[in-house]
Amino acid sequence: YKVWNKSKPKLSTPPGEMGQSIMDVPAFTDRLKGKKPTCVHCHSVFPALRRAAMRRGEWQPDDKFVYPDPSQVGLTLDPIRQTRVTDVRSGSAAEAAGLKAGDQLSAFGNQRVHSIADVQRALHLTSSESNKLSCQWERNGKSWKAELVLGKNWKVSTPWQYSWRPMKWELSPAPGFGGSCLSAEEKKNIGLKEDKFAMRVDYLVDWGPRSVLGKNAEAAGLRLGDIVLAVDGKSDFRDGPHFHSWIRLKCKVGQLLKIELSRQGKVLVIRFPLIKG
């Protein structure tokens, strides 16, 4: 609401940064088709900024890993006392810099740290091509400072780590279908073990500018009610969002996937081409 209603006071922004409303981003407003929104969903912001960056020719593949989790550099922080380090992953940039469990973070880069979000902001503003990031912390009443040496592709997270992010829905390639995972009882009824992946196709994307994706899925032979069991032999998806994240992060447009599915008790295999959409 505060983003849309410009009569409200603008939120403060950090020194040196220009604040803007999402309504100032044509890549967002172009999709409204003259309609005034009653609300703006926060998960709509980054996709709009991504489209804007693509229009300017400034989009880089690693830019989709927005506000990286501290675990990307090896840190786990206390969810209550959020400046306190509870774990440092072995072999990580944080361990190499000398951080230990119990340390109290005070700064990351130029960002003072009061919460996990401050660490994420510092990581977000650090280029994926950067190889160093300064860090300050307190230990036993003494101040410490070091540089984290960031490895290649340090921002890149796994499909499972990325799966909770709503931003994944606009990324390409996309399968053009989705649905709900079967319950343990439903799996038992069709002879599957409880820990096996089984996602019922509840919808084909037949709406909006991406309806071509649903048509592609249908043309490949997919039907509503089908139960997806594996994709190219991979059957260890933890849930539907994990499946969608894997398609977007690990597959390419033009790739031909082999999808194993169950239909009315019979196991079928279809060849599924991933298209741009």
Side-chain angles (χ1 to χ4, degrees), residues 2 10-19 42-43 45-46 49-50 53 59-168 171 236-239 241-242 245-246 248-250:
K2 289 182 179 179
K10 287 189 175 181
L11 300 177
S12 61
T13 56
E17 292 189 8
M18 294 296 293
C42 58
H43 63 75
V45 174
F46 278 118
L49 294 178
R50 171 180 172 269
W59 173 259
Q60 299 296 323
D62 284 357
D63 290 344
K64 58 179 167 285
F65 298 104
V66 296
Y67 287 89
D69 189 87
S71 62
Q72 293 298 116
V73 294
L75 289 173
T76 300
L77 303 181
D78 190 319
I80 305 300
R81 298 169 57 194
Q82 296 189 16
T83 61
R84 181 176 178 272
V85 177
T86 59
D87 187 62
V88 178
R89 189 176 68 249
S90 177
S92 67
E95 183 189 53
L99 283 150
K100 297 180 179 181
D103 290 344
Q104 300 283 338
L105 296 181
S106 54
F108 240 68
N110 297 322
Q111 176 73 44
R112 298 296 299 176
V113 175
H114 301 285
S115 70
I116 293 172
D118 292 324
V119 177
Q120 289 183 280
R121 181 176 185 274
L123 294 174
H124 178 73
L125 295 177
T126 302
S127 168
S128 60
E129 298 177 354
S130 298
N131 56 12
K132 290 183 180 180
L133 179 64
S134 63
C135 178
Q136 298 179 47
W137 66 92
E138 305 291 328
R139 180 190 300 160
N140 299 326
K142 295 183 179 181
S143 296
W144 298 73
K145 184 176 181 179
E147 285 189 326
L148 276 70
V149 178
L150 306 174
K152 185 179 180 181
N153 299 324
W154 67 271
K155 278 191 176 183
V156 177
S157 59
T158 67
W160 171 242
Q161 292 169 327
Y162 197 78
S163 63
W164 69 271
R165 294 182 178 272
M167 188 176 176
K168 68 179 177 293
L171 298 180
D236 59 350
F237 302 110
R238 300 191 191 188
D239 53 26
H242 186 198
S245 182
W246 181 82
R248 288 159 169 82
L249 296 184
K250 294 297 185 179

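Counting from 1, the numbers follow the sequence of the chain as shown. Just so it is clear, the structure is predicted and the values come from calculations on it, not from any experiment.
Judged purely by atom type and a 3.5 angstrom limit, Tyr162 has no side-chain atom pairing as donor or acceptor with the backbone of Leu249. Listed for the Gln161 side chain is a donor-acceptor partner under 3.5 Å among the backbone atoms of Thr158. Checked by atom type and distance alone, the side chain of Lys64 never pairs as donor or acceptor with a backbone atom of Val156 at under 3.5 Å. Using modelled atom types, no side-chain atom of Gln82 and backbone atom of Ser115 make a donor-acceptor pair closer than 3.5 Å. Between the Asp69 side chain and the Gln72 main chain, no donor and acceptor come within less than 3.5 Å of each other. Between the side chain of Glu95 and the backbone N or O of Ser90 there is no donor-acceptor pair closer than 3.5 Å. When atom types are taken as modelled, the side chain of Ser163 and the backbone of Pro241 share no donor-acceptor pair closer than 3.5 angstrom.
Taking every heavy atom of both residues into account, Gln120 and Pro68 meet most closely at CG-O, 3.2 Å. In terms of heavy-atom proximity, Trp154 sits nearest to Leu123 at CH2-O, 3.5 Å. Across all their heavy atoms, Arg89 and Ser71 have their closest contact at NH1-O, 2.7 Å.
In this structure, Arg84 CZ and Leu105 CG are separated by 11.5 Å, a value rounded to the nearest 0.5 Å. We find the CZ-NZ distance between Phe46 and Lys168 to be 15.0 Å, quoted to the nearest 0.5 Å. In this structure, CG on Asn140 lies 8.5 Å from CG on Asp103, to the nearest 0.5 angstrom. Interatomic distance, CG of Asp78 versus CD1 of Ile116, reported as 8.0 Å (0.5 Å rounding). Interatomic distance, CG of Leu77 versus CD of Gln104, reported as 10.0 Å (0.5 Å rounding). Annotation: the span from Asp87 atom CG to Leu99 atom CG amounts to 11.5 Å, rounded to 0.5 Å.
Counting only N and O atoms by type, the side chains of Ser143 and Glu138 include a donor and acceptor under 3.5 Å apart.
Using cut-offs of 30° and 60° for the angle between ring planes, the His242 and Trp160 rings count as perpendicular. Relative orientation of the Trp137 and Trp144 rings is parallel, given thresholds of 30° and 60° on the angle between their planes.
Of the residues listed (Asp63, Val66, Leu171, Val45), the one engaging Arg50 in a side-chain contact (heavy atoms from CB on, under 4.5 Å) is Leu171, and it is the only one.
Side chains of Asp118 and Arg121 form no contact here, defined as non-hydrogen atoms less than 4.5 Å apart. Side chains of Val88 and Leu75 form a contact here, defined as non-hydrogen atoms less than 4.5 Å apart. In this structure the side chain of Glu147 never reaches within 4.5 angstrom of the side chain of Cys135, judged on heavy atoms. Looking only at side-chain heavy atoms (C-beta outward), Pro159 and Lys250 come within less than 4.5 Å of each other.
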Residues Leu150, Thr126; criterion side-chain contact (heavy atoms from CB on, under 4.5 Å); working and verdict: CA-CA 10 Å; Leu150 306 174; Thr126 302; 4.1 Å; yes

